[in-house]
Every structure is written in structure tokens, then in C-alpha cells.
K.L.:
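The structure is given below, and queries will be raised subsequently.
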Amino acid sequence: MLENKIIIITGAGSGIGRAAAVLFAEAGARLVIADVNEQAVNDTRTMIVANGSEAIAIRIDVSSEDDAKQLAQTAIDTYGRLDGAFNNAGVQMRNRLLQDLSLEEWNLVNSINATGVFLCMKYQIPAMRLGGGGAIVNTASGNGVVAQPYSTEYVASKHAVVGITRAASTEAAETGVRVNAVLPGMIETPMVADLINSPDFKPHYDSALARHTIGRFGTADDVAYVARFLLSDQSAFVNGAAIAVDGGYTAR
């Protein structure tokens with residue numbers, strides 16, 4: 001599905017990003033994978049190379065404009081073009097009532113989840129235009145279209161990702177770049193495991209599971225499969241979509 005496509009993945013050191021890196025490589029993509037955790041993203045690269053595929057791993061902080069610019073430039077310098085990007089890097093909610101949330105916590109979550117997506121796209125889109133266009137998938141959340149308590153900063157950041165995605169998609173005729181988003185529910189990743197196991201979250205566990213009407217939380221592969229489709233030519237007429245991969249979380 002992604003044969004010979006050059007694709008960036010952020011947040012590739014674990015969870016959804018690592019699952020996507022492995023899946024995209026198996027589908028024929030050549031990758032530039034990035035994460036703020038240098039060891040983790042190098043471990044992902046080792047997995048990919050061991051399976052006979054190709055990847056460049058770099059450490060970046062998506063909230064840094066210089067790093068976001070470097071990421072896109074690395075794809076151009078290494079492969080000569082950029083065909084797609086999966087902007088997946090993010091941080092979890094702080095589990096506080098709004099009035100207990102500090103400005104520092106608000107800024108941290110929004111600088112990575114929302115500003116990070118903007119900065120990456122700012123440099124990915126021109127890079128893709130050099131090759132005639134491409135596709136971007138941004139990781140939002142089911143909480144990008146609904147809300148839950150104790151997560152104001154996270155809900156705001158993920159609503160922003162949906163808005164950024166839709167706004168950028170309206171420019172596709174000019175840029176040649178399709179832009180879509182995936183909206184995961186609770187996905188069994190290390191980050192979510194930390195959330196689920198935190199004392200602050202335990203009172204909300206049963207209600208969170210009940211919202212997933214399939215009867216389980218998701219896996220990283222559940223999301224990676226949808227992202228792969230959205231980056232492939234099979235989705236050539238899909239643009240500006242925010243696709244729930246949430247086991248029914250947002251359906252009621």
C-alpha cells in the first residue's frame with residue numbers, strides 16, 4: 001500500500017507510532033521516524049531494519065520549530081522527497097479539574113499536542129509540494145470531538161488538532177496535500193497504561209471502558225491500519241476527514 005513512499009512518523013518510539021512504523025515499513029515505505037526519546041526511536045529503527053526495511057531515526061521535540069524544520073529537511077536530504085507524514089507525537093491528560101490545572105500543565109500539553117502538529121505540517125507541506133503533493137495524517141483523539149472531565153487541557157489540544165486538520169485540508173487544491181485525522185479511543189499503549197494505573201484515573205476506569213461499546217480498549221495496530229490507509233493512494237478522495245478509531249466511544 002505504501003511501496004516506495006517516503007513517510008515521516010513522529011512519536012515513533014512507542015505505542016501507536018511504533019506500531020505504525022513497523023506496519024508502514026512492511027507495506028513498503030521508507031521512513032524517517034522521530035521521537036523525543038532517542039533510545040526508544042532507535043529501538044524502533046532496529047526493529048524495522050531487522051525485518052529488512054529502511055528507516056532513519058532522529059530525536060526531535062515537536063514543540064520546537066527548529067526541530068520540526070529539521071525533521072522535514074532530513075527526509076529531503078536523505079531521500080530527495082517527502083510523500084507522507086503521520087503526526088502522532090503527543091502527551092496525555094493531567095487528570096485535574098480545570099481550576100486545579102496549572103498554566104505550565106496547560107502549556108505543556110498544548111505545545112506538544114496542538115502546536116507540535118502545526119509546526120510539523122508547516123514544514124512538511126512545502127516539502128511534499130516539491131514532489132507534487134502527498135498526504136498527512138494527524139493523531140487527534142475521540143476527545144477531539146467530545147469531552148470528559150479532568151482533561152480540559154487535553155480536550156482543548158485535541159479539538160485543536162481536528163480544527164488544524166480540517167483547515168489545512170481546505171488548501172489541498174493549492175498544496176496538493178491531503179490532510180486527515182484519526183481519533184483514537186483508549187488505546188493500550190505505555191502512555192495510556194500509565195494513565196489507567198494512576199490513582200487519579202481509577203475512579204473513571206469502568207465508565208471509560210463502558211464508553212467503548214465494542215467492549216474493549218483498542219490496540220496500537222487498530223489505529224496504525226487506518227493511518228496506513230489514509231496515507232495510501234487507496235484514500236485519494238479522502239480529505240478533511242476525522243475518522244474515529246475508538247470502539248464506539250464517540251457514537252453516544
K.L.:
Taking all non-hydrogen atoms of both residues into account, name the closest pair between L230 and S235 and its distance.
P.N.:
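Smallest heavy-atom distance, with atoms named: O-OG, 3.0 Å.
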
K.L.:
Rounded to the nearest 0.5 Å, what's the gap from CD1 on I56 to CG on D77? Could you check?
P.N.:
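One finds 11.0 Å between CD1 of I56 and CG of D77.
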
K.L.:
Can you confirm whether Y150 is buried at OH, in the sense that more than 12 heavy atoms of other residues, nucleotides or ligands lie under 6.0 Å from that atom?
P.N.:
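No, OH of Y150 has 12 or fewer neighbouring heavy atoms, counting only those of other groups under 6.0 Å.
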
K.L.:
If you look only at distance, which donor and acceptor atoms sit under 3.5 Å apart when one is on a side chain in residues 114-125 and the other is two or more places apart or in another chain?
P.N.:
{"residue": "Y123", "atom": "OH", "partner": "E65", "partner atom": "OE2", "Å": "2.5"}
{"residue": "Q124", "atom": "OE1", "partner": "N87", "partner atom": "ND2", "Å": "3.0"}
{"residue": "Q124", "atom": "NE2", "partner": "N87", "partner atom": "OD1", "Å": "2.8"}

K.L.:
Do R216 and D222 meet the salt-bridge criterion of a basic N to acidic O distance under 4.0 Å?
P.N.:
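Answer for the salt bridge query: yes.
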
K.L.:
If I take atom OG1 from residue T152 and atom CZ from residue R96, how far apart are they, to the nearest 0.5 angstrom?
P.N.:
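It comes to 12.0 Å.
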
K.L.:
Determine yes or no for a side-chain-to-main-chain donor-acceptor pair under 3.5 angstrom, with D246 supplying the side chain and G142 the backbone.
P.N.:
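No; zero donor-acceptor contacts below 3.5 Å.
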
K.L.:
Is there a donor-acceptor contact under 3.5 Å from the side chain of R30 to the main chain of E54?
P.N.:
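Such a contact is absent between R30 side chain and E54 backbone.
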
K.L.:
Checking side-chain contact (heavy atoms from CB on, under 4.5 Å) against V182, which of T165, N138, N88, T139 comes through?
P.N.:
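Exactly one candidate clears the test, T139.
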
K.L.:
What is the minimum heavy-atom distance between N113 and V161, and which atoms define it?
P.N.:
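In terms of heavy atoms, the two residues are closest at O-CG2, 3.1 Å.
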
K.L.:
Out of V109, N143, V155, which residue meets the side-chain contact (heavy atoms from CB on, under 4.5 Å) rule with M93?
P.N.:
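Going through the options one by one, the only one that passes is N143.
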
K.L.:
Would you say V36 and I60 make side-chain contact, with heavy atoms under 4.5 Å?
P.N.:
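Side-chain contact under 4.5 Å: no.
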
K.L.:
Take D43 and Q39, measure what side-chain hydrogen bond (donor to acceptor under 3.5 Å, both in side chains) needs, and give me the verdict at the end.
P.N.:
CA-CA 6 Å; D43 289 346; Q39 183 60 57; 2.8 Å; yes

